[in-house]
**Student:** 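Please read through the structure below; I'll follow up with questions.
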There are 2 protein chains.
Amino acid sequence: MALDLGPLDGHVGYLLRRAQLAVFADIMTGFAAHGISPADYAVLTVIGGNSGAGQSQVAESLGIQKTNFVPQIRRMEERGLVARTPSPTDRRSMSLTLTAEGETLLAELHRTAQAHVDRMRGHLGPEAYAALREPLMRLAAIGPG
Amino acid sequence: MALDLGPLDGHVGYLLRRAQLAVFADIMTGFAAHGISPADYAVLTVIGGNSGAGQSQVAESLGIQKTNFVPQIRRMEERGLVARTPSPTDRRSMSLTLTAEGETLLAELHRTAQAHVDRMRGHLGPEAYAALREPLMRLAAIGPG
DNA sequence: GCGATTAGTTATCTCTCATAACTATTTTCT
DNA sequence: AGAAAATAGTTATGAGAGATAACTAATCGC
């Protein structure tokens, strides 16, 4: 027996949470076989597209605090997906690059992610899917301004 | 220096996560003064609109597992916002109701939430805001659907 | 009445997100 | 050049979300 959610289902915040959990659950079914979370995928993607970037740079661009990024990047280093080498130009900074294994896995993950996107597009229709981007980006920007 | 997010900002899953965090951060600025999280607000709202409902019912309608709901509802009981009384018709079940204090607080929270919604509507425009509901509900339904 | 559900709980575990405090290195500014 | 401020990364810590497994007590289906 479903209860009345009252004003809740008029709140975009509530709908965003429910939608996000459902969408993440869907993409995780594909990633789980590789032991990768959506957050890991995002990190690998950014490192792959910005080889040599520093930890704080990668973290910040994903909206992760550098302090919380430490255990995540360490896990991926220990798994042999990411290499952390001291930056030659700044001795404080660690340059992040994908290992060969990381590259291979990322390519595979991109295919998995694309299958997921296609699935979501199928649920909404291509126009509705595309139409989501702009307002979501606008909402995402309200914090950091 | 912002890094290239690559295919990430084409993925609705990623945008949903970023948008959700930003929207929650906004609403939490209003709720924080009351020591209430968005999840707490959702629970109070459902109990308020379905007085006497059981724990598992409330949890399920919000997509929370009953096992994870226990500490949350206990916190709210200890704060005196919610009363848990044994159901007269089913001795396994706990009837949840708002206390007078819970009612008062919920009314206040509804006003705060409405201010937040108005703010989000201002960011997106009323049409774009309203247009978000349908696709988000559709995405939220893909799991249990 | 007996087996299968259901309501609620406890106990774990992992991951996320946040804050505070610290080291070591640049940068900035005078 | 040298002191002060900012930056890169780390550790420690804590609350909270979400998941799973195993359990008790009560109700339901037949």
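Here the structure is a predicted model, which is why all the values come from computation and not from measurement. Within every chain, numbering begins at 1; the chains are lettered A, B, ... in the order of the sequence lines, protein sequences first and strands thereafter.
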**Student:** Which pairs count as salt bridge (Lys or Arg N to Asp or Glu O under 4.0 Å) when at least one residue sits in residues 68-77 of chain B, sequence neighbours excluded?
**Tutor:**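 Applying salt bridge (Lys or Arg N to Asp or Glu O under 4.0 Å) to every pair that reaches into residues 68-77 of chain B, excluding sequence neighbours, yields Glu77(B)-Arg84(B).
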**Student:** For His34(B), enumerate each residue passing the side chain to side chain donor-acceptor pair (under 3.5 Å) test, keeping only those at least two apart in sequence or located in another chain.
**Tutor:**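 In terms of side chain to side chain donor-acceptor pair (under 3.5 Å), with neighbours along the sequence ignored, His34(B) is linked to no residue.
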**Student:** Whether Ser87(B) contacts dA7(C) is assessed here as follows: a side-chain N or O lying under 4.0 Å from the phosphate OP1 or OP2. Is that the case?
**Tutor:**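 No, Ser87(B) has no side-chain N/O under 4.0 Å of OP1/OP2 on dA7(C).
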**Student:** Sequence neighbours left out, what passes side chain to side chain donor-acceptor pair (under 3.5 Å) with Thr89(A)? Give chain and number order.
**Tutor:**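 For Thr89(A) the side chain to side chain donor-acceptor pair (under 3.5 Å) partners, ignoring immediate neighbours, are Ser87(A).
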**Student:** Could you pull out all donor-acceptor pairs under 3.5 Å where a side-chain atom in residues 124-135 of chain B meets a protein atom, sequence neighbours excluded?
**Tutor:**
{"unit_1": "Tyr129(B)", "atom_1": "OH", "unit_2": "Val12(A)", "atom_2": "N", "d": "3.1"}
{"unit_1": "Glu134(B)", "atom_1": "OE1", "unit_2": "Arg138(B)", "atom_2": "NH2", "d": "3.4"}
{"unit_1": "Glu134(B)", "atom_1": "OE2", "unit_2": "Arg138(B)", "atom_2": "NE", "d": "3.0"}
{"unit_1": "Glu134(B)", "atom_1": "OE2", "unit_2": "Arg138(B)", "atom_2": "NH2", "d": "2.5"}

**Student:** If a pair satisfies salt bridge (Lys or Arg N to Asp or Glu O under 4.0 Å) and one of its residues is in residues 101-112 of chain A, list it, with sequence neighbours excluded.
**Tutor:**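 Sorted pair list: Glu108(A)-Arg111(A).
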**Student:** Please report the distance, rounded to the nearest Å, between CE in Met94(B) and P in dT9(C).
**Tutor:**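 About 6 Å, once rounded to whole Å.
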**Student:** For nucleotides 10-20 of chain C, give me one character per nucleotide, 5' to 3': B if any protein heavy atom sits under 4.0 Å from the base, S if the only such contacts are to the sugar-phosphate, - if neither.
**Tutor:** BB----SBBBB
**Student:** To the nearest 0.5 Å, what is the distance between CG (Leu16(A)) and CG (Leu139(A))?
**Tutor:**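 Spacing of CG (Leu16(A)) from CG (Leu139(A)) equals 6.5 Å.
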**Student:** Strictly below 4.0 Å, heavy-atom distances to any atom of DNA chain C: list the hits from residues 26-36 of chain B, or just say none.
**Tutor:**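 Of all residues in residues 26-36 of chain B, none places a heavy atom under 4.0 Å from DNA chain C.
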**Student:** Which heavy atom of Ser93(A) sits nearest a heavy atom of Gly54(A), and at what distance?
**Tutor:**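 Heavy-atom minimum between the residues: OG-CA, 4.1 Å.
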**Student:** Which residues satisfy the side-chain contact (heavy atoms from CB on, under 4.5 Å) test with Ala42(B), sequence neighbours excluded?
**Tutor:**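 Listed in chain order: Leu8(A), Leu62(B).
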**Student:** Atom CG of Leu98(A) and atom CG of Leu44(A): how far apart are they, to the nearest 0.5 Å?
**Tutor:**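 Nearest 0.5 Å value for the CG-CG distance: 6.0 Å.
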**Student:** Under a 3.5 Å distance rule, please check whether Asn50(B) uses its side chain to pair with a backbone N or O of Asp4(A) as donor and acceptor.
**Tutor:**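 Here the side-chain-to-backbone pair exists.
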**Student:** Please report the closest heavy-atom contact between Tyr41(B) and Ile36(B), naming both atoms and the distance.
**Tutor:**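 Between these two residues, the closest heavy atoms are N-CG2, 3.9 Å.
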**Student:** Show the distances under 3.5 angstrom between N or O atoms of the protein and N or O atoms of nucleotides 23-30 of chain D.
**Tutor:**
{"unit_1": "dT27(D)", "atom_1": "OP1", "unit_2": "Arg91(B)", "atom_2": "N", "d": "2.9"}

**Student:** With sequence neighbours excluded, tell me which residues meet side chain to side chain donor-acceptor pair (under 3.5 Å) with Asn68(A).
**Tutor:**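 Side chain to side chain donor-acceptor pair (under 3.5 Å) list for Asn68(A), sorted by chain: empty.
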**Student:** Per the end-axis method with five pairs at each terminus, what is the bend angle of the helix from dG1(C)-dC30(D) to dT30(C)-dA1(D), to 10°?
**Tutor:**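 End axes: 40° apart.
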**Student:** With salt bridge (Lys or Arg N to Asp or Glu O under 4.0 Å) as the rule and sequence neighbours excluded, what pairs involving residues 24-44 of chain B come up?
**Tutor:**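 Only Asp26(B)-Arg119(B) qualify under salt bridge (Lys or Arg N to Asp or Glu O under 4.0 Å).
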